[in-house]
Amino acid sequence: MAVDQLLRIGELSKRSGVSAELLRAWERRYGLLKPARSPGGLRLYSPQDLERVRVMREHLAAGFAAAEAAALASSAVSEEAPGEEILRPDALRASLTAALDRFDEPRAQTVLDRLLAVATLDTLLGDVVLPYLHELGERWERGEASVAQEHFASAIVRGRMLGLARDWGLGVGPVAVLACLPGEQHDIGLIAFGLALRARGWRIVYLGSDTPVRMLEEVAHRVEARVVVLSAVHAHAVTAVKAELSGLARRHRIAIGGNAARADSLGEASGLVLLTGDPIGEAERVAELSPAGA
Ligand code: B12
């Protein structure tokens with residue numbers, strides 16, 4: 001560790017916004033800080049110490065008890081690789097939750113930046129972002145997260161995912177057309193699916209929410225789609241247009257994802273491929289059904 005990166009307690013306090021007394025208490029009680037010693041015996045703190053204090057504050061703000069918050073912060077930021085934190089998906093998910101819950105957009109973006117730096121896309125989506133959204137929905141149902149928190153969080157996560165989607169239409173791989181069925185606004189799962197399919201060499205043509213079925217035929221034909229993947233939460237969004245979809249399925253491969261795909265009322269008999277699993281696993285399945293080189 002370069003000496004010029006080390007901080008005295010006063011500087012650590014200033015940068016972290018935690019008093020020197022409290023920092024010493026956290027060091028003593030929970031071993032949160034691991035200072036080096038100067039030749040004169042002064043305690044010198046590393047950037048990892050500062051990061052652990054930040055993470056500890058986030059967990060405290062999220063309602064964890066101090067000992068628990070310290071344990072999470074210690075496991076999230078280790079000393080194993082100096083200057084580079086070892087980041088664990090569960091700890092980062094807790095940090096993301098804490099930042100989004102208190103409407104802290106810059107901090108949430110920082111956590112997402114770290115994730116992008118250390119994790120594969122499948123891990124980012126499958127182990128952090130999608131479980132986070134699922135959990136957010138459950139907290140919302142139980143009245144533990146407000147509508148404002150849910151809107152704020154889903155807008156940030158969705159925006160970030162669309163940022164990753166830039167240029168997902170480029171290349172020479174097979175084309176998938178993605179759209180939400182009429183009336184459907186929930187498109188985050190579909191975007192995740194598109195990103196995962198892109199990572200497997202496909203090109204994506206994304207039509208977004210609330211797409212009229214009659215447009216699909218034209219687009220699928222124009223871009224020579226290998227598959228059209230539609231998404232909906234409610235099964236009735238599919239049944240309402242089932243006849244049109246069956247017609248379309250005679251000319252193109254049509255798949256349905258999202259919660260609606262699990263409904264008993266939909267059968268494979270309609271000619272639709274039902275993607276009943278999560279977006280990453282189903283992207284893998286679609287890629288295998290129709291390999292990029294084929
Ligand atoms: C974010 C969100 C919104 C956002 C959507 C933003 C956006 N652009 O997507 C907004 C605020 C717009 C919204 C609106 C509404 N929402 Co909403 N929303 C959610 C929330 C919190 C998260 C949804 C999400 O993206 N999850 C991430 C996905 C990936 O996870 P998932 O939904 O569990 O999906 C699983 C599978 O189905 C699959 N999957 C999902 N999509 C896809 C796509 C493909 C291709 C594949 C292969 C797989 C797949 O992956 C997941 C498993 O890993 C959920 C809560 C929840 N429990 O899910 C409610 C939820 C889906 N919403 C709900 C409701 C009721 C609504 C509204 C009617 C609320 C209202 N009164 O206005 C409106 C409807 C708008 C409309 N016409 O579609 C209900 C649906 C209940 C139901 N089954 O009938 C839920 C479940 C909340 C609840 N418990 O009440 N919502």
Side-chain angles (χ1 to χ4, degrees), residues 89 93 96-97 100-101 108 121-165 168 176-200 202 204-212 216 225-241 245 253-266 272-290:
R93 200 162 100 206
L96 185 66
T97 305
L100 291 171
D101 273 4
L121 183 77
D122 284 4
T123 305
L124 168 74
L125 296 174
D127 293 351
V128 180
V129 172
L130 299 183
Y132 163 75
L133 285 166
H134 194 80
E135 191 181 279
L136 174 67
E138 286 178 354
R139 288 165 58 219
W140 180 43
E141 263 177 81
R142 294 195 300 265
E144 291 165 17
S146 68
V147 171
Q149 279 166 327
E150 179 274 307
H151 274 46
F152 176 80
S154 54
I156 288 181
V157 169
R158 181 176 179 278
R160 201 60 200 249
M161 287 167 71
L162 283 177
L164 293 174
W168 63 359
V177 170
L178 310 187
C180 292
L181 281 169
E184 185 60 63
Q185 297 291 337
H186 299 95
D187 68 348
I188 296 179
L190 188 64
I191 298 170
F193 173 85
L195 288 171
L197 200 56
R198 170 65 181 162
R200 286 157 178 82
W202 285 56
I204 307 300
V205 174
Y206 184 68
L207 307 181
S209 63
D210 191 13
T211 305
L216 296 171
R226 183 82 62 87
V227 64
V228 176
V229 180
L230 304 168
S231 179
V233 169
H234 299 280
H236 71 72
V238 186
T239 43
V241 290
L245 290 179
R253 176 175 274 172
I254 308 292
I256 307 281
N259 208 34
R262 298 179 186 149
D264 295 337
S265 52
L266 301 178
L272 307 172
V273 180
L274 300 180
L275 306 176
T276 53
D278 66 278
I280 316 290
E282 293 298 0
E284 184 70 37
R285 187 157 77 98
V286 168
E288 276 168 13
L289 277 179
S290 204

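Just so you know, these numbers come straight off a predicted model, no measurement behind them. All ligand and atom numbering here is 1-based and tracks the order in the structure. We number each residue from 1, following the sequence as shown.
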Nearest non-hydrogen protein atom, [atom]:
atom	value
atom 37 (O) of ligand 1	Asn259 N, 3.0 Å
atom 26 (N) of ligand 1	Leu133 CB, 3.9 Å
atom 9 (O) of ligand 1	Asp187 N, 2.8 Å
atom 35 (C) of ligand 1	Arg262 NH2, 4.2 Å
atom 50 (O) of ligand 1	Pro279 CD, 3.1 Å
atom 57 (N) of ligand 1	Gly137 CA, 3.8 Å
atom 18 (N) of ligand 1	His186 NE2, 3.2 Å
atom 46 (C) of ligand 1	Gly258 N, 3.7 Å

Looking only at distance, does Glu282 have an N or O less than 3.5 Å from an N or O of ligand 1?
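No, Glu282 has no N/O under 3.5 Å of an N/O on ligand 1.
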Return a yes/no value for Gly277: is any of its N or O atoms, backbone included, closer than 3.5 angstrom to an N or O of ligand 1?
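No; the residue has no nitrogen or oxygen that sits under 3.5 Å from a nitrogen or oxygen of the ligand.
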Test item: protein heavy atom less than 4.0 Å from atom 84 (O) of ligand 1:
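Protein heavy atoms within 4.0 Å of atom 84 (O) of ligand 1 - there is at least one.
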Within-cutoff protein neighbour (heavy atom, under 4.0 Å) for atom 54 (C) of ligand 1
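False for atom 54 (C) of ligand 1.
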Close approach of Ala192 to ligand 1, heavy atoms, under 4.0 angstrom:
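For ligand 1, residue contact (heavy atoms, under 4.0 Å) with Ala192 is absent.
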To the nearest 0.5 Å, what is the distance between OG on Ser231 and CG on Leu178?
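Between atom OG of Ser231 and atom CG of Leu178 there are 9.0 Å.
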Is the contact between Glu141 and ligand 1 made by the side chain, the backbone, both, or neither, using heavy atoms and a 4.0 Å cut-off?
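Side chain only; the backbone of Glu141 stays clear of ligand 1.
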